[in-house]
Amino acid sequence: MTIAVVGATGLDGMPLSLRCEGSTIADVGPAVVPDPDDVVIDGSNMTILPPFVNGHTHAAMTLFRSYGDDLALIDWLQTKIWPAEAKLTADDVYWGTRLACIEMIRSGTGHFFDMYWHGTAVARAAEDAGVRATVSAVLLDGLDPSRAAQLRDSALESLDALGEFGDLISPSLGPHAIYTVSRPSLEWLAQMAADRDVAVHIHLSEIEKEVADCVAEHGVRPAALLDEVGMLSPTAVLAHGCWLDGDELALIAERRATVVTNPASNLKLASGTFPYVEAAAAGVPMGLGTDGVSSNNNLDLLEEVKLFSLVQKAAAKDPSVLPAPEALAIAQGLRSQLMAGSALERGNQADFILVRRDLPETCSGDTVADLVYAANGSAVDTTVIGGRLLMRDRRVADQEAVITEVRERAARLTS
Ligand SMILES: [Zn+2]
């Protein structure tokens with residue numbers, strides 16, 4: 001099936017039509033002529049743009065939505081999430097991720113960076129749903145050197161298994177955090193990421209205690225520790241970064257690692273606020289994520305981007321901070337940092353969304369400002385990834401079946 005979109009407009013408000021061939025964009029411009037066999041989508045009253053990139057999530061946590069709300073991070077992990085996760089099967093993770101993918105397709109996300117148990121089930125779900133995913137199995141040794149060999153085995157096993165998937169899936173390594181993975185294991189993982197040229201996805205400097213503990217244990221702050229073990233590189237994805245100081249931000253910028261901010265999760269768990277103004281001044285590459293839905297509680301990046309902008313304005317006591325175009329670029333930016341071909345250009349992957357411009361909240365304002373401040377994910381009408389139509393007119397295949405599966409599994413896991 002070849003898709004052509006005619007009569008849409010771009011983010012700049014100018015006419016923009018597009019035609020796919022296979023999984024790539026064959027033609028794009030103000031007026032594109034569809035072939036007679038094309039499936040033609042009428043883009044009138046729609047804005048066409050690249051999909052959003054969710055830079056940090058644990059997709060299958062849809063199974064634990066609202067389970068253990070309103071607890072502090074460590075309490076929540078120890079009393080609710082870790083015991084429930086102990087019961088998880090690979091099939092649970094598959095179905096939880098399928099539901100997450102439906103949520104993401106419905107809110108315009110085309111790629112997510114995931115860290116979770118049973119990584120191959122995550123990859124299988126993303127592939128079946130048609131969404132791009134950079135997938136890592138969670139790796140931790142509980143700071144116990146006797147578990148390091150086991151960590152190395154599971155890292156290698158998961159990289160090999162994830163490498164068997166198709167184009168939509170990128171294997172990566174997911175050391176959980178510096179307080180759950182020992183220094184020798186971090187060193188080994190950094191080397192393995194470099195050898196295999198894969199991303200390393202890690203939680204960093206999420207809560208204040210992590211910094212104090214790191215300084216007490218290692219004599220340096222978290223980003224410096226990551227640099228010492230060789231993990232700060234252009235393929236490093238650092239989730240949160242709420243407590244990074246000026247020296248750490250300068251170091252991260254120099255190493256071209258990406259910090260992914262998760263404002264809803266940070267607010268909900270009262271973890272802290274990402275120092276955006278300082279990070280932007282230092283030139284730190286940035287992305288936006290939702291974190292798992294247990295701490296959000298959804299995967300809607302259009303809600304997240306608004307929150308991001310508002311939180312940073314409030315933190316800076318300056319409404320001119322993080323204006324809509326800058327915030328939107330960050331919601332789409334991680335992909336251009338770590339992957340090629342995100343712009344709507346001939347030869348790039350045919351990944352795009354259509355957002356309705358005939359809704360009450362999106363019918364009359366500035367296109368970009370409406371997206372960031374007025375709309376939420378329900379304004380997304382159509383999602384196409386790799387030339388495949390995943391949603392049109394807000395309908396996604398298999399939605400009912402996936403919801404039924406997840407309801408049963410969530411009830412079992414949280415009972
Ligand atoms: Zn997380």
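What you see below is based on every heavy atom in this structure, not just the backbone, and it leaves out hydrogens, waters and symmetry mates. Source: prediction; values computed, not measured. When a ligand or atom number is given, it counts from 1 through the structure's own listing order.
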Test of ring centre spacing under 6.0 Å for Phe308 and Tyr276: yes
From CD (Glu345) to CG (Leu18), nearest 0.5 Å: 11.5 Å
Salt bridge flag under 4.0 Å for residues Arg19 and Glu21: yes
Atom pair CG/CZ of Leu244 and Arg221 - distance to nearest 0.5 Å: 7.5 Å
Test of ring centre spacing under 6.0 Å for His56 and His58: yes
Asp91 versus Thr89, side-chain donor and acceptor atoms under 3.5 Å: no
Residue and atom, protein N/O/S, under 2.8 Å of the Zn ion (ligand 1): His56 NE2, His58 NE2, His203 NE2, Asp291 OD1
